[in-house]
Number of protein chains: 2
Amino acid sequence: MRRDIFQAIADPTRRAIIALLAMQAMTPNGIAEHFDTTRQAISKHLRILTECELLKQEHQGREIFYHLEIQKMKEIDKWLEQFRKLWETRFDQLDDVLSNLQKNKK
Amino acid sequence: MRRDIFQAIADPTRRAIIALLAMQAMTPNGIAEHFDTTRQAISKHLRILTECELLKQEHQGREIFYHLEIQKMKEIDKWLEQFRKLWETRFDQLDDVLSNLQKNKK
DNA sequence: AATTTGCGAAAACAAACGGTTGCATATATA
DNA sequence: TATATATGCAACCGTTTGTTTTCGCAAATT
């Protein structure tokens, strides 16, 4: 079973859950209220997110609060890093083109 | 058919293709040589990546060069933005803790 | 003109995914 | 103790995914 962070954020519901939990820790029932599916479906998403360590559980009586492990999100940022330089460079090149156009106007 | 950039980068082969094409434009056969699958499998990945506008084709005779539309990658960065503030804040808090520990040492 | 090469598209298939239903377990409450 | 609540887990189901195989087409080569 493939279970990495990229597969985790591929699902729009899971991305919404991540965004929700970025604000505050919540219980499965609390989370499920925000969506149009069953609690069990949400529970499955929570399991996937927990398995790739994007979420952590905090048991509190019979309730389980899930909170976001924000540090894990940096893995995506890290992967993106190799491209960031590239698209910034292209931007610089575009800037060059634009300033040249400006020059030629004069 | 869901076809967004998050689903596109969910597959490790597709991520590898993206990384490859970040260096230089390549043909399907050229790309396939780097992997342990058939050209047709790669071709399907290329179709998916092209459909969500991560790649663009450049026909050259009977060859087709695929090149990365690096700007599209910024969409991931854009989504990540809402969390970046968060994890940087947590870092600042950690810095505070560390500097307090330093103070107490004195 | 015939053949080779580079490519995409369709069909087929096992595996994975996302969802629902039903049930088991643990904690709170009457 | 009996009941209600919060949750996880297994079984099942239809759909999607990733791959291979086969085919067809267009451009290059002979």
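The sequence lines fix the lettering, A, B, ..., with proteins before strands; numbering per chain opens at 1. Since the structure is predicted, the reported quantities are computational estimates derived from the model, not experimental observations.
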In whole Å, what is the span from the [atom1] atom of [X] to the [atom2] atom of [N]?
X        : N       : atom1 : atom2 : result
Ile31(B) : dG6(C)  : CD1   : P     : 14 Å
Leu46(A) : dT7(D)  : CG    : P     : 10 Å
Phe6(A)  : dG18(D) : CZ    : C1'   : 19 Å
Glu51(B) : dT16(D) : CD    : P     : 14 Å
Arg47(B) : dT20(D) : CZ    : P     : 17 Å
Ile64(B) : dA27(D) : CD1   : C1'   : 11 Å
Met26(B) : dC7(C)  : CE    : P     : 11 Å
Leu55(B) : dC7(C)  : CG    : P     : 14 Å

Check: Thr50(B) side chain, Leu46(B) main-chain N or O, donor-acceptor pair, under 3.5 Å
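The answer is yes, because a donor-acceptor pair under 3.5 Å joins these two groups.
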Could I get the full list of salt bridge (Lys or Arg N to Asp or Glu O under 4.0 Å) partners for Glu58(B), not counting sequence neighbours?
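Testing Glu58(B) for salt bridge (Lys or Arg N to Asp or Glu O under 4.0 Å), a comparison that skips the adjacent residues, returns none.
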Applying salt bridge (Lys or Arg N to Asp or Glu O under 4.0 Å), can you list everything that pairs with Glu75(B), at least two apart in sequence or on another chain?
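Partners of Glu75(B) by the salt bridge (Lys or Arg N to Asp or Glu O under 4.0 Å) criterion, ordered by chain and then number, come out as Lys72(B).
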With a 4.5 Å cut-off on side-chain heavy atoms, are [Y] and [X] touching?
X        : Y        : result
Leu54(B) : Glu69(B) : no
Thr13(B) : Thr37(B) : no
Phe83(A) : Ile76(B) : no
Leu21(A) : Leu55(A) : yes

side-chain hydrogen bond (donor to acceptor under 3.5 Å, both in side chains) against [X], all qualifying residues, sequence neighbours excluded:
X        : value
Arg14(B) : His45(B)
Asp77(A) : Arg84(A), Arg84(B)
Gln24(B) : none
Lys44(A) : none

Given axes from five pairs at either end, by how many degrees does the helix from dA1(C)-dT30(D) to dA30(C)-dT1(D) bend, rounded to 10°?
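Computed from the C1' atoms at both ends, the axes differ by 10°.
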Closest heavy-atom pair and its distance - Gln7(B), Ala10(A)
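Taking Gln7(B) first and Ala10(A) second, the nearest heavy atoms are CA-CB, 4.2 Å.
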Would you mind telling me which of Asp11(A), Leu49(A), Leu68(A) makes a side chain to side chain contact (heavy atoms under 4.5 Å, CB included) with Ile17(A)?
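Testing each of Asp11(A), Leu49(A), Leu68(A) against Ile17(A), the sole residue satisfying side chain to side chain contact (heavy atoms under 4.5 Å, CB included) is Leu49(A).
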Return the 5'-most residue of the pair Thr27(B), Arg14(A) with respect to DNA chain C, ranking by each residue's nearest nucleotide.
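Mapping each residue to its closest nucleotide by heavy atoms, the 5'-most match is Thr27(B).
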What is the nucleic acid contact for Tyr66(A), judged by heavy atoms within less than 4.0 Å: base, sugar-phosphate only, or nothing?
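Sugar-phosphate contact only - Tyr66(A) comes under 4.0 Å of backbone atoms but never of a base.
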Give me the distances for all protein-to-nucleotides 13-15 of chain C N/O pairs that come in under 3.5 Å?
none

Could you pull out the protein-nucleic contacts involving nucleotides 19-21 of chain C (nitrogen or oxygen on both sides, under 3.5 Å)?
from, atom 1, to, atom 2, distance (Å)
dG19(C), OP2, His45(A), NE2, 2.5
dG19(C), N7, Lys44(A), NZ, 3.2
dG19(C), O6, Lys44(A), NZ, 2.2
dT20(C), OP2, Thr38(A), N, 3.1
dT20(C), OP2, Thr38(A), OG1, 2.7

Counting only side-chain nitrogens and oxygens, does [X] get under 4.0 Å of the OP1 or OP2 atom of [N]?
X        : N      : result
Ser43(A) : dT7(D) : no
Gln57(B) : dC7(C) : no
Asn29(B) : dC7(C) : yes

Measure from the side-chain heavy atoms of Ile48(A) and tell me the nearest of dT7(D), dG18(C), dG6(C).
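Among dT7(D), dG18(C), dG6(C), the one nearest the side chain of Ile48(A) is dG18(C).
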Considering only dC17(C), dG8(D), dT17(D), which nucleotide approaches the side chain of Arg3(B) most closely?
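Among dC17(C), dG8(D), dT17(D), the one nearest the side chain of Arg3(B) is dT17(D).
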My understanding is that only residues two or more places apart in sequence, or in another chain, count here; which of them pass ring pair (Phe, Tyr, Trp, His ring centres under 6.0 Å) with Phe65(B)?
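Expected list: none.
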Which residues pass the ring pair (Phe, Tyr, Trp, His ring centres under 6.0 Å) test with Tyr66(B), not counting sequence neighbours?
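So Tyr66(B) forms no ring pair (Phe, Tyr, Trp, His ring centres under 6.0 Å) with any residue.
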Please list each protein N or O that sits under 3.5 Å from an N or O in nucleotides 25-28 of chain C, with the distance.
from, atom 1, to, atom 2, distance (Å)
dT27(C), O3', Arg62(A), N, 3.4
dT27(C), O2, Arg62(A), NH1, 3.2

